[in-house]
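It should be emphasised that the depicted structure is a prediction, and the values quoted were computed from it without experimental measurement. Chain letters run A, B, ... following the sequence lines, proteins first, then strands; residues in each count from 1.
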Protein chains: 2
Amino acid sequence: MIFDFPIIKNGKMPLYLQLYKNLRGSIRDGRLEAGARIPAIREMKEITGLSRTTIENAYQQLMMEGYIESRHKVGYFVLPLEIAEPPSPDFLVSEDQESYRREGKRVRNAGIDPNSFDFSLWRKLLAQVLREENEELNRSGDVTGEMALKQQLRDQLRRDRGVNCSPDQIVIGAGVQVLLGMLLPMLPKEMRRVGVEDPGFVKAQYVFEDYGWEIVKIPLVDGGIDVKQLKETKSRLAYVSPSHQYPTGTVMPVAKREDLLRWAEEEQGLIVEDDYDSYLRYAGNPIPALQGMDQGDRVIYLGSFSKLLLPALRISYMILPRPLLRAFQEKKNRLTPSASKLDQLTLARFMQEGHYERHLRRIRKIYRKKNLLLTEFLAKEAGDLVSVLGIESGVHLVLEIKREVSLDQIMKKARAKGIDLERIGSVRSAHQRLLFPYSGIALAEMDGVQKDLLEILKGSESDDGANERAESSGDRESKDSKTGK
Amino acid sequence: MIFDFPIIKNGKMPLYLQLYKNLRGSIRDGRLEAGARIPAIREMKEITGLSRTTIENAYQQLMMEGYIESRHKVGYFVLPLEIAEPPSPDFLVSEDQESYRREGKRVRNAGIDPNSFDFSLWRKLLAQVLREENEELNRSGDVTGEMALKQQLRDQLRRDRGVNCSPDQIVIGAGVQVLLGMLLPMLPKEMRRVGVEDPGFVKAQYVFEDYGWEIVKIPLVDGGIDVKQLKETKSRLAYVSPSHQYPTGTVMPVAKREDLLRWAEEEQGLIVEDDYDSYLRYAGNPIPALQGMDQGDRVIYLGSFSKLLLPALRISYMILPRPLLRAFQEKKNRLTPSASKLDQLTLARFMQEGHYERHLRRIRKIYRKKNLLLTEFLAKEAGDLVSVLGIESGVHLVLEIKREVSLDQIMKKARAKGIDLERIGSVRSAHQRLLFPYSGIALAEMDGVQKDLLEILKGSESDDGANERAESSGDRESKDSKTGK
């Protein structure tokens, strides 16, 4: 019986407050829906054994707060929750889903290409693993990841990215944030200052913050982090994305890479190389990973399958330099696994049978085509409105807006059309830059998105941008869409 | 060509050191295997363009360190890695796998029951999700978890555990450690002292440590944490497992639960309720969760599917009290998802179609039977050697060894027979207690395991336990096998 709440008679909490909280709880969590009848005071007295005054006090409180109403001669009834409470926090749905629901639209440009992933093949491999590896699946996985996957990864990273490592240097985790959460507590306390690229991948910076690290933002010069400034910060850890800087898309030149490695040697420091989407390169030679140049065990390599394979899978990896292995071994007994063992074993088969190589070739082709279509279109139709940066790799473009307009306004208009754009850097940044992911646009939809984008960019000319701009709140960071990283 | 290393001529690192490190790297990561021939100095000179002295220096260093050897008049050859280096750290395989490999045995008692999980049903549901939810799978999941699963969880936790919440209070993550990593940075800095049960779940404590919290161990009295001592610590967070204390298996009485809730109200504190395996209860009434008694929004509820469903899946959940939702909303934009969306959507279907309820009923029956067999056997055959505690629920027993023996010795002997036992509490603990998981023992294997266990316990009588005991290192903690939690 729903109103038969447990009441603690000799507790410190007044009885009316207990009843009030019980009822409020039932209304909030939906057991008592809007319109439901609450027992009259007399009935409630019988159900609970509480006094009339106690019940009246509880009901008064609920009415005051807008949870219930009294209808004359009829009784008490639950009100719709919106009346009682401020709109419920929107954290229960992602931005994507939320805008989808609110506007009846799906986001058209984020996520992976809708035709890139071979679901039936994955289904087949999953079925194989479920049939053949029962015993493995019945016990928990290795906290550092499954050996079968690590062996595949070692071979593939050597081949495609010039990464040198043995499988025992690889740690698998459910996302780059989880991996950083394993790494940071291993590093010496006196190291807790990190130099990061500005702009850079803020979701990595958040993890450093959470672990109490000081974050020093270092501007980009000549294709990458300013090594001279990095040196001046006296930090001993740098977080960089040398092969495809996030978000600007630049490539760190070899000379700077050498400077950076030398810096690490001299400071007895470490470099975290975030190599998040360097497979997707459309122009020039492939850029090998910094890790492959490292002779001094100074580079921690980070990578992820989310952008490249399927965002629904959460498999990322970190390659530790050998001197960190001993520290990690100590740490290892403190950890539990995070990435799904089922997904890991399936991915290992996917790689072993050559499907991953084929998949990479296919998506490189798809994304190159989109990249080309978009950059040509923007150059031709919107050359006076935007410069397009970061076009040589990855799955997003950087739109540098050429005049003083409200980026917030542009983002809002884009969102209304199901297009996600994101501000790069802070509101006060010298540049007016927006990040425009194009991975999720189906080729068939490309024309429509282009047309809408042009309209948004053109429409913004007539707006009073400066006004809007002042409204936006403070030094807000780019929200950073790489949730899948 | 493998010996054509990149050499930086004007770099700060001496040339011989560069060559040495390149060669060492190739040997370490297996590109140069034991027995492989290294080019003679003259050949290497041609390949690299380096001077004779440089190459000789590099080879000297490698020989000195045991990576290569010079065979007179034949050349230089790579030595087996064991000679050059201390045995490679064992972190690359879990303890289970390691002992399996080393001893050619599998662990017989850990993991879930080998016949409990319906793999073909799961395969069917996975296939459905992969066929029907392509669009969902192509984009990254909600950082708080999939709504479909949260709705199922809400209903199921209400029904089975008396938990009150709405789906928006639920956060899904890839393990309890990941969830704590989301929670702790949200809590006010001045709160950073936590009272924990002693003995308790140390893998949770590690996360607190990593985030810089002070940990105060509080003894168990009368079926749970000593609330009076908790109060004296002036901490405002308590981490408890009230419905099935880990590892001792006691149940916190209602009066203590009320004390604990009152403590939280008075101190403006919070309680983390780790409800990790309370579904499995074999005697007495089901014990509802503490969360359901909480009238003051003081309880954070933690649960996991690893023990109950399949360790290969990494899906755990946390229920936040409403006052924390606002703080979490801020935090949310900083996070990326961790639990596989594919697994989450499959689990949601599994629950929605009633399979989870049936699964729980089935495993309760299986584990009850094992529990009964073991406790009866131990009472009858080993009553003079051990007392058995924690028999009313869960999937492990606590063996309290009645005489002064070496627990390390017992554990070692057990391991040789493929039986995992773990020390509870520190080496200096007043009690001689071992944790004995029985979930993984197939019913058909039960007789064999019982026989072996008896032999191990009996054998230990003749050992000089005191000797061995002094050898074991310091105040080491229980290793805690709940990696799957």
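- Contact annotation for A:L130: both backbone and side-chain heavy atoms come within less than 4.5 Å of a heavy atom of chain B.
- Contact annotation for A:N164: both backbone and side-chain heavy atoms come within less than 4.5 Å of a heavy atom of chain B.
- Contact of B:D297 with chain A is made through the side chain alone, with heavy-atom distances under 4.5 Å.
- Contacts of B:I112 with chain A are made by both backbone and side-chain atoms, with heavy-atom separations under 4.5 Å.
- Scanning both residues, B:T336 and A:Q177, for their nearest heavy atoms gives N-OE1, 2.9 Å.
- With contacts defined as side-chain heavy-atom distances shorter than 4.5 Å, the pair B:V107/A:R139 qualifies.
- No other option in A:S340, A:S166, A:G25 has as many heavy-atom pairs under 4.5 Å with chain B as A:S340.
- Shown here are the ring pair (Phe, Tyr, Trp, His ring centres under 6.0 Å) partners of A:F119, two or more places apart in sequence or in another chain: A:F117.
- Residue pairs meeting the salt bridge (Lys or Arg N to Asp or Glu O under 4.0 Å) criterion with at least one member in residues 118-132 of chain B, sequence neighbours excluded: B:E132-B:R349.
- Contact count versus chain B (heavy atoms, under 4.5 Å) is highest, among A:V178, A:N134, A:D113, for A:N134.
- None of A:S140, A:P337, A:S338 except one satisfies the side-chain contact (heavy atoms from CB on, under 4.5 Å) rule with B:R314; the exception is A:P337.
- For a residue to count as touching a neighbouring chain, one of its non-hydrogen atoms must lie under 4.5 Å from one of that chain's; by this rule B:Q295 touches chain A with backbone and side chain alike.
- When heavy atoms are compared at a cutoff of 4.5 Å, B:E265 approaches chain A solely by way of its side chain, counted from C-beta outward.
- Nearest heavy-atom pair, A:P311 versus B:N138, reported as atom, atom and distance to 0.1 Å: CG-O, 3.1 Å.
- The pair A:D343-B:K341 fails the salt-bridge criterion, with no side-chain N (NZ, NE, NH1 or NH2) lying under 4.0 Å from an Asp/Glu carboxylate O.
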task = With side-chain contact (heavy atoms from CB on, under 4.5 Å) as the test, would you mind laying out the steps for B:D294 and A:K21 before giving the verdict?
result = CA-CA 10 Å; B:D294 175 26; A:K21 288 198 174 182; over 6 Å; no
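- When each of A:G181, A:P185, A:G440 is scored by its heavy-atom pairs under 4.5 Å with chain B, the top score falls to A:P185.
- Contact of the B:L335 side chain with the A:Y206 side chain is not registered, since no non-hydrogen atoms from C-beta on lie closer than 4.5 Å.
- A distance of 7.5 Å separates CG of A:L342 from CG of B:L310, quoted to the nearest 0.5 Å.
- A donor-acceptor pair under 3.5 Å is absent between the side-chain atoms of B:R334 and the main chain of A:Q205, judged by distance alone.
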